[in-house]
Amino acid sequence: MKKYIWIILIGAIGIFSSCQDFLEERQVSNLTQDYFNDENGLESLINGLYVYARVKHEWEANGARLTQAETDAYMTSSAPWARMEVGIYGNDLSNIANNVFNYLGNSNASFAPMGAYPHINNCNIALDVLENGRPGIFGTNQSFANQRKGEILFLRSWAFYLVSNQLGDIPLLLEPRREDDGIYYFPKASLEEVYSQMIDDVTFAYENLPASAPRGRLNKWAAGHFLAKLYLNRAQAAEFANSGEESLRRLYKGNVPTDLDNAIQIASEVISGAGGLAPDYETLFDPAISETSPHPEVLWSAQFDANIGLNGRFGGNRSVNYHVGNYTEQSGVNRAMIYGRPFGTFKPTDYGYDNFKDKMHDSRFAKTFRHEYISNMGSNSTSFRWTEETAAWWNANKPSDQPEVRAGERRIQNGQRAIIYLENDRDNALDSMEVMSQPYQFMVRWVRSSKTGNYYYRLFINGANMGLATQTAPYLSVKKYVDPSRGGSTDEGNFNSEAGTRDAILMRLAETYLIRAEAYGRKGDYGLAVDDINVLRQRAAFKGGENRPSLFAEWYPEAQELDGSELEPPFAAAGNSYDAIMVSENHFTPGTPEAIREGYITNVNTKKDMFIHFIYNERNREFLAEGIMWEDLHNAGILYDRVMHFNQMASNRTGLWPAATNTAGGNGQNGNGKGQMQPFHTFRPWPFNYLVQLTDQNGVPLNEAARSEYQNPGY
């Protein structure tokens with residue numbers, strides 16, 4: 001096997017291209033490493049390091065598989081992945097191991113044009129040239145040199161961070177390698193050492209990066225956000241040093257008493273300097289706004305271009321393909337740019353929907369998901385048809401202003417409602433005949449037969465069982481990544497294109513608030529923590545005159561909370577709903593109605609523990625599907641506990657969920673978990689293809705015993 005995981009891949013540097021002028025495409029023939037020894041070459045190398053910002057969003061077999069699922073609130077729609085079966089998760093040749101290999105830097109680069117360690121080596125080369133060669137302006141302008149050094153250190157730390165989140169102790173490579181000497185001796189450094197290095201490096205970046213920079217380029221506030229998060233992560237694990245649970249003990253990163261104070265201080269400086277939250281949550285993800293006028297709340301984003309030829313091997317932001325269920329089956333809806341490509345790779349768990357406790361007042365539930373689809377197929381409609389029974393029910397119960405129908409006619413009319421969703425609970429199950437007799441697909445979680453009294457979980461419109469692992473079925477989908485410019489233009493002929501053009505958010509100020517809130521709470525300053533959480537709640541509240549989706553008023557039982565005027569078209573909020581969702585300490589105080597409604601895990605029964613879990617409930621509400629929750633739950637040491645309690649497909653617990661009559665197919669709702677997750681799964685395996693390349697200091701390949709010792713526990 002060709003062994004160049006760690007060696008700089010000149011052809012893969014790919015001078016980074018974007019819509020931003022600081023990242024200029026340059027065609028360089030016969031490129032050698034000497035090119036980087038002058039001012040222009042070094043600047044090009046540093047610009048090229050930004051390619052790595054795309055790692056979570058270029059290909060689901062690289063970053064997305066490792067950072068989106070399986071969490072408490074988000075899962076893979078494929079049953080084997082969602083169940084975390086042995087062939088997927090359980091050994092060093094599993095699918096997850098292959099993803100990790102891509103993440104590290106697969107030597108054939110079939111999925112990873114720039115893995116972590118090739119990128120880290122490029123960073124080390126750039127640092128070496130900058131500090132020892134000091135070409136041109138890098139030698140004459142110290143402020144400029146320090147700024148660029150700050151970028152390099154940040155981008156190297158970002159790679160160490162992403163890899164250590166997955167694997168724990170990792171090689172901490174800080175010296176450049178410019179040739180393959182056949183020695184692949186890469187001993188692991190402890191997380192304590194890795195975090196100490198990252199904090200030092202990102203501190204330098206924070207102190208030397210400018211407050212403003214071209215779009216996509218790192219600035220002071222992005223570095224401050226990252227630094228505050230590193231301090232918080234280290235503080236989170238300080239108590240795990242002597243834990244009896246190995247997966248928690250392995251999270252230990254050091255115990256520095258000032259970490260929480262430092263997280264608060266740095267986060268406060270970022271909050272004061274960065275420019276505030278976007279007034280409307282939805283505009284952060286609306287490409288008509290976010291692509292032309294991104295709000296300063298977005299502290300850092302991975303850059304992609306409308307010219308898809310500049311977006312590398314995979315043609316752009318591939319996350320546009322992975323979060324949308326199949327809305328085209330018998331729906332009269334064709335694939336459309338506005339709705340996205342229905343690959344259905346990732347989806348929310350039931351908890352992911354239910355965690356939005358205030359659906360009528362917290363606008364994030366309305367603005368995170370695509371609640372309704374409109375038929376767009378005209379005379380070629382694939383709509384299902386009225387049966388004798390459903391037509392009879394509709395004609396007997398229809399609104400007075402709606403026409404009668406006949407059996408055999410297409411049920412969904414062009415330009416009319418085609419699909420809507422209702423995430424109800426079993427106690428609020430709808431009558432099955434009513435649900436199945438609407439002039440659209442009504443995707444309801446729980447229905448009940450008035451004839452038999454049986455409860456049914458997630459029936460498709462033809463009565464088939466969707467189950468818990470819904471594959472590409474029409475589940476209620478996150479719309480944060482939908483890209484009407486896929487393929488490089490808004491031409492509807494691009495509706496099958498997988499090439500996304502939108503920038504991908506990596507850091508935003510809302511998270512900075514929650515970082516500070518968590519640090520306050522861990523110190524016992526709950527009042528200050530609540531103040532920060534409520535900044536997000538103020539933005540999340542429906543404002544007076546803001547329209548709710550019509551189906552909220554029509555079908556959700558919570559609509560009884562609304563004023564009468566809010567139940568009439570256009571379903572506008574009568575006033576600001578902040579009072580209805582304002583957080584107090586009651587939300588994490590044992591025994592209060594607010595805490596009971598929050599639905600904590602059984603063994604989370606103290607105010608201290610409830611506060612931590614409330615923060616991560618809120619993180620899920622704010623950041624669902626944004627690719628940070630697996631890492632955040634992991635670093636907080638609560639990933640396993642929350643998956644076991646909330647993610648039925650990954651959990652092996654029994655009796656935690658309400659049971660239905662339709663339990664067929666293995667993924668049906670019988671009230672029991674379907675999964676195989678174990679505590680050691682909170683860390684990933686070192687891939688066999690990586691382990692067999694390792695050597696000792698003399699270039700002798702590691703034997704099986706040494707490879708086994710290198711491997712993470714459980715694999």
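All values below come from the heavy atoms of this structure, side chains included, with hydrogens, waters and symmetry mates left out.
- Between the side chains of His57 and Ser319, at least one donor N or O sits under 3.5 Å from an acceptor N or O.
- In this structure, Arg458 and Leu468 have side chains that are not in contact, with every pair of non-hydrogen atoms separated by 4.5 Å or more.
- Arg364 contributes atom CZ, which lies 5.0 Å from atom CD of Glu622 (distance to the nearest 0.5 angstrom).
- Side chain to side chain, Asn494 and Arg341 fail the donor-acceptor criterion of an N or O pair below 3.5 Å.
- Aromatic pair His681/Tyr640: ring centres not closer than 6.0 Å.
- A heavy-atom distance below 4.5 Å is found between the side chains of Pro687 and Leu104.
- Remark: Lys347 is positioned above the aromatic ring of Tyr475, its terminal NZ or CZ atom under 6.0 angstrom from the ring centre and at most 45 degrees off the axis.
- A search for side-chain contact (heavy atoms from CB on, under 4.5 Å) contacts involving Thr67 returns Lys56, Tyr103, Gln166, Glu631, not counting sequence neighbours.
- Counting heavy atoms from C-beta on, the side chains of Ile505 and Phe623 never come closer than 4.5 Å.
- Tested against Thr512, the residues His225, Lys229, Glu297 include a single side-chain hydrogen bond (donor to acceptor under 3.5 Å, both in side chains) partner, His225.
- In the model, Arg642 has a side-chain atom that pairs as donor or acceptor with a side-chain atom of His613 under 3.5 Å.
- Taking the six-membered ring for Trp and thresholds of 30 and 60 degrees, Tyr353 and Phe369 have ring planes inclined between 30 and 60 degrees apart.
- Considering only heavy atoms from C-beta on, Phe614 comes within 4.5 Å of Ile533 through its side chain.
- Legend: ring-ring contact (aromatic ring centres under 6.0 Å, His included) pairs involving residues 64-85, not counting sequence neighbours, sorted by first then second residue: Tyr74-His323.
- Here the two rings, on His371 and Phe552, have centers that are under 6.0 Å apart.
- For Arg548 and Phe542, the positive end sits near the middle of the six-membered ring, less than 6.0 Å away and at most 45° from its axis.
- A distance of 14.0 Å separates CD1 of Ile152 from CD1 of Ile120, quoted to the nearest 0.5 Å.
- Relative orientation of the Tyr161 and Trp158 rings is parallel, given thresholds of 30° and 60° on the angle between their planes.
- Side-chain atoms of Arg621 and Asn355 form a donor-acceptor pair, as typed in the model, at a separation below 3.5 Å.
- Paired with Arg335 under the rule side-chain hydrogen bond (donor to acceptor under 3.5 Å, both in side chains), one option of Asn376, Asn496, Thr328 passes, and it is Asn496.
- The shortest side-chain heavy-atom distance between Leu49 and Arg156 does not fall under the 4.5 Å cut-off.
- Relative ring orientation between Tyr351 and Phe646 is described as parallel, the plane-to-plane angle staying below 30° on a 0-90° scale split at 30° and 60°.
- No side-chain heavy atom of Val100 sits less than 4.5 Å from a side-chain heavy atom of Tyr690.
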